[in-house]
Each structure stands twice: as C-alpha cells, then as structure tokens.
2 protein chains.
Amino acid sequence: MRTAEFDTEFVLRQAMHAFMQYGYAKTSMQKLKEVTHLHPGSIYAAYGNKKGLFLAATEQYQKDRNQQFTALFNDQQPILLTLKHYLTVIVDECIEGEVAKVCLLTKSISEVEGNDPQICSVLRGNLNAYENTLAEQLQKALDNNEFTTTKTPQQLARFLVMGIYGIRTYALTNQDSKALQQLADDLFVALIN
Amino acid sequence: MRTAEFDTEFVLRQAMHAFMQYGYAKTSMQKLKEVTHLHPGSIYAAYGNKKGLFLAATEQYQKDRNQQFTALFNDQQPILLTLKHYLTVIVDECIEGEVAKVCLLTKSISEVEGNDPQICSVLRGNLNAYENTLAEQLQKALDNNEFTTTKTPQQLARFLVMGIYGIRTYALTNQDSKALQQLADDLFVALIN
DNA sequence: CCTTATCTTGAACATACATTCAAGATAAGG
DNA sequence: CCTTATCTTGAATGTATGTTCAAGATAAGG
C-alpha cells in the first residue's frame with residue numbers, strides 16, 4: 001500500500017560508480033549509503049545485501065554499455081570506421097573519465113577471482129556477451145566487404161577484446177593520451193591485416 | 001643479541017601468493033599469519049604493517065620475475081624465438097598456474113587504483129621497468145636484424161605489454177588454452193609485422 | 001654461565017564492517 | 001478519513017579486521 005520512493009537507476013548508477021572507483025571490497029556499505037542517499041534498511045530491503053546491490057549495479061552497467069554501443073554502431077557508417085571511433089572513445093574514458101576510468105566488469109572480475117565464484121561467473125557471462133557482440137559487428141563488416149582476413153570473426157573479436165582489456169590495464173600504468181591512442185591505432189591495424 | 005629466525009624469502013613468497021589469490025584487501029592479517037607461519041608481533045616488527053608486508057612481497061615478486069626473465073632471455077637463441085616462448089610461458093601460467101595465475105602487479109594496481117596512491121606509484125614503477133626491459137630486448141632483436149619495422153622499440157614494447165596484460169585479463173573470462181595460445185600467436189605476428 | 005639485547009608469542013584492543021530490526025512515517029484502498 | 005500494508009529511518013548488534021603490547025623465550029657477547 002505504498003510505493004518505493006527512490007529512483008532505482010540513480011541508486012544503481014551511484015553504486016556502480018563507487019564500485020568502479022574503490023573496488024568491490026573497499027566500497028563499504030557506509031559509502032554506498034552516502035552515494036545512494038539510502039538508509040541501510042532500504043538497501044537491504046531492495047537488494048538483500050551488498051552482493052545483491054553489486055550484481056544489480058552490474059546489470060545497470062551492462063545496460064548502459066549496451067545502449068552506448070548500440071548508439072555508436074547503429075549509424076549507417078562503415079563498421080570499421082565506427083570501430084575505430086569506438087576505440088578512441090575507450091581511450092578517452094581511460095584518461096579523463098572522472099566517472100568511468102575503468103571497466104566495472106574487468107576490474108571486478110580481477111579483484112573477485114579466487115574470492116567469489118558466483119560473482120565471477122556473472123561477470124564472465126557479461127564479458128563473453130560483449131565479445132560476441134563485437135564478433136557480430138566484425139561479421140557484418142566482412143559481409144560488407146569492408147576488409148578481408150583469413151581469421152574467423154570469433155578469433156578477430158577475441159583479439160580485439162584482448163587489445164581493449166590491454167589498453168585499459170596499460171592506462172593504469174601510463175596516462176599519456178598519445179601513447180594510448182597509438183596503442184588503439186596499432187591494435188586496429190593489427191586487427192584488419 | 002639474537003637473530004631473526006624466519007626465512008624472509010619463504011615469508012614473502014607465501015604472502016605474495018596469498019595477495020595474488022585473494023587480492024590486497026581480502027588478504028587478511030589472519031590469512032597472512034597462517035601462510036607465513038608468523039605471529040602478528042613478528043610481522044609488525046619486520047614490516048611495520050600490512051602495507052609494508054605487501055610492498056616487501058611486491059619487491060620479492062619483482063626479483064623472482066626478473067630472475068625468470070633473465071634466465072629465459074640469456075640463452076644464446078634469437079631474441080624473437082625466446083620471446084615467442086616467453087609468451088607461451090605466460091599463457092601456461094594463466095591456465096594451470098595454481099601458484100601464479102595472475103600478475104601480482106597488474107592485479108594489485110587495478111584493485112588499489114583510487115584507494116592508495118602510494119602503492120599505485122610503486123606498482124606503476126615496477127610495470128614501467130618491465131616495459132623498458134622488453135624494449136631493450138626488442139632493440140637487441142632489431143640490432144641483430146631479426147626483423148624490421150617502422151616503429152620504435154618503445155612503441156613495440158608498449159604494444160607487447162598491452163597484449164600481455166590483455167591476455168592475462170582475457171584468461172579470467174575464458175580458460176580455453178587453445179584460445180589463449182592463439183591470442184599469443186596473433187599478438188606475436190602483429191608485433192613483428 | 002650470566003647478562004642483555006632482541007626475537008617470539010598470543011591475548012587484548014579499538015575500530016570498521018556488513019547486517020538486523022523495531023519504531024515511525026506515508027501512500028493507496030475502501 | 002480511517003485502515004493497513006509497505007516503505008523509511010537510524011540506532012544497535014555481532015563479527016572480523018588491522019594493530020599493539022607486555023610477558024616469556026632464546027641466542028650472542030663477555
């Protein structure tokens with residue numbers, strides 16, 4: 001006889017950003033309480049516990065990413081051109097991105113591996129889906145004769161995500177935007193050759 | 001008038017493996033106490049606190065890695081051949097490696113980024129040194145005319161570490177050894193073309 | 001062999017953490 | 001406008017954490 005008051009998307013995005021910045025373990029319920037403007041009771045009523053909130057935030061993250069991805073790749077430009085642009089978007093995120101300097105999925109799976117198999121398998125699923133989405137785009141590019149290759153779309157997609165994960169990790173060691181952009185360019189060339 | 005009894009290398013390697021498995025935050029002093037067979041007093045006397053122990057473990061890790069690296073690259077074989085072999089060693093680590101499935105440096109910097117700038121800068125220093133070591137080897141390979149390129153050794157090294165970081169992260173999402181080896185091969189080809 | 005400096009031991013401590021719960025507030029249904 | 005179901009509030013709880021410290025043990029120096 002009463003409806004929940006808080007804005008789910010706001011809460012999940014705030015939580016998502018905290019988890020991205022501090023990691024899973026170091027994001028305390030205290031912090032989550034603050035950024036979501038929710039009291040512990042409400043959080044536990046809505047998401048069960050910290051893990052539940054994290055998984056919900058992960059889902060929101062995946063949704064937001066998919067939307068961004070679809071928006072980019074649904075223009076009518078050649079796929080490869082969009083892909084090249086997509087890589088620069090990632091590079092920019094790695095540098096400025098006050099809000100999303102890292103990928104929540106890879107950061108979390110790296111931290112949680114060896115601690116929580118359940119969270120791991122959810123994250124693995126999301127990352128595999130991401131890889132498949134890229135494979136689809138590469139397949140389309142091949143169908144359009146945008147480039148030729150001896151490799152399968154799966155193999156290409158795997159190489160591409162490896163490169164993206166690598167760039168993201170490299171950015172933690174070196175914040176030079178020219179170096180990162182160079183990496184993105186080299187990766188793109190390696191992909192289509 | 002009394003000498004310390006415990007074996008420093010043993011203690012640091014045990015701590016190192018715990019940090020690799022559970023991460024910095026989730027490796028409790030309790031756990032460290034267990035794996036090092038040390039009592040809290042001894043740990044705090046020798047290393048100050050958890051962070052001190054972690055940094056000492058990191059140093060040991062770096063030493064061990066350098067030794068492994070030097071052993072591999074100091075044979076009299078062509079550098080590129082050794083490099084190719086080195087990549088398969090990394091791939092193997094990612095799969096079986098009960099002891100060292102991950103790189104302590106990249107795993108830790110990913111976790112600690114945004115929490116502890118001091119640890120971060122130490123790790124960044126170590127990873128930059130790693131990149132420079134690879135650049136030296138690539139320079140040597142170029143001096144030996146093992147391959148030709150339009151890129152600088154620094155650029156090549158950057159691409160290589162990006163690939164290695166990427167393979168390590170990808171391994172968290174997919175434990176298929178053939179896929180990982182394929183990635184390593186593709187990376188190698190992209191590097192020398 | 002005694003002294004003394006240093007190491008080892010493990011119980012104790014304060015803090016920070018995730019989580020619970022009972023009381024108060026409030027929106028919808030009749 | 002009253003009832004009731006549900007949400008909100010925030011203090012309280014128990015546990016786990018990193019850390020300290022004083023007492024006991026032990027190796028080296030004279």
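Numbered from 1 within each chain, the chains take letters A, B, ... in sequence-line order.
Contact annotation: B/His39 side-chain N/O to C/dT8 OP1/OP2 distance is not under 4.0 Å.
Atom C1' of nucleotide C/dA18 and atom CG of A/Leu53 are separated by 12 Å, given to the nearest angstrom. C/dT9 atom P lies 8 Å from atom CG of B/Leu38, rounded to whole Å. Counting to the nearest Å, the C1' atom of C/dA27 and the CZ atom of A/Phe6 are 16 Å from each other. C/dA16 atom P lies 13 Å from atom NZ of A/Lys33, rounded to whole Å. Between the P atom of C/dT9 and the NE2 atom of B/His37 lies a distance of 12 Å, rounded to the nearest Å.
Remark: A/Lys33 pairs with no residue by the salt bridge (charged side-chain N to carboxylate O under 4.0 Å, His left out) rule, at least two apart or across chains. Here B/Glu9 pairs with B/Arg13 under the salt bridge (charged side-chain N to carboxylate O under 4.0 Å, His left out) rule; sequence neighbours left out. For A/Lys151, the side chain to side chain contact (heavy atoms under 4.5 Å, CB included) partners at least two apart in sequence or on another chain are A/Thr149, A/Gln155, A/Leu156, B/Asp186. By the side chain to side chain contact (heavy atoms under 4.5 Å, CB included) test, A/Asn132 pairs with no residue at all, sequence neighbours left out. Taking B/Gln154 as the reference, B/Thr152 meet the side chain to side chain contact (heavy atoms under 4.5 Å, CB included) condition, with sequence neighbours excluded. Scored by the side chain to side chain contact (heavy atoms under 4.5 Å, CB included) test, A/Asn66 finds A/Gln62 as partners (sequence neighbours excluded).
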- Heavy atoms under 4.0 Å is the rule here; annotate nucleotides 14-21 of chain D 5' to 3' with B where the base is hit, S where only the sugar-phosphate is, and - elsewhere. ---SSBBB
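Residues A/Asp64 and A/Gln68 have side chains that never bring a donor and an acceptor to within less than 3.5 angstrom of each other. At a cut-off of 3.5 Å, with distance as the only test, a side-chain donor of B/Lys51 or B/Gln118 sits close to an acceptor on the other residue.
The strand DNA chain D forms stems, runs of 3 or more Watson-Crick or G-U wobble pairs with distances below 3.5 Å, at C:1-30 with D:1-30.
Using a 4.0 Å cutoff on non-hydrogen atoms, no part of residues 109-117 of chain B comes near DNA chain D.
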Output side-chain donor-acceptor pairs under 3.5 Å for residues 157-169 of chain A, partner residues at least two apart or in another chain, one line each.
{"residue": "A/Arg158", "atom": "NE", "partner": "B/Tyr170", "partner atom": "OH", "Å": "3.1"}
{"residue": "A/Arg168", "atom": "NH2", "partner": "A/Glu93", "partner atom": "OE1", "Å": "2.5"}
{"residue": "A/Thr169", "atom": "OG1", "partner": "A/Tyr165", "partner atom": "O", "Å": "3.1"}

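Within the structure, ring pair (Phe, Tyr, Trp, His ring centres under 6.0 Å) contacts touching residues 28-57 of chain A (residues at least two apart or in different chains) are A/Phe10-A/His37, A/Phe19-A/Phe54, A/Tyr24-A/Phe54. The ring pair (Phe, Tyr, Trp, His ring centres under 6.0 Å) contacts involving residues 58-83 of chain B comprise B/Phe69-B/Phe73, B/Phe69-B/Tyr86, B/Phe73-B/Tyr86, where partners must be two or more places apart or lie in separate chains.
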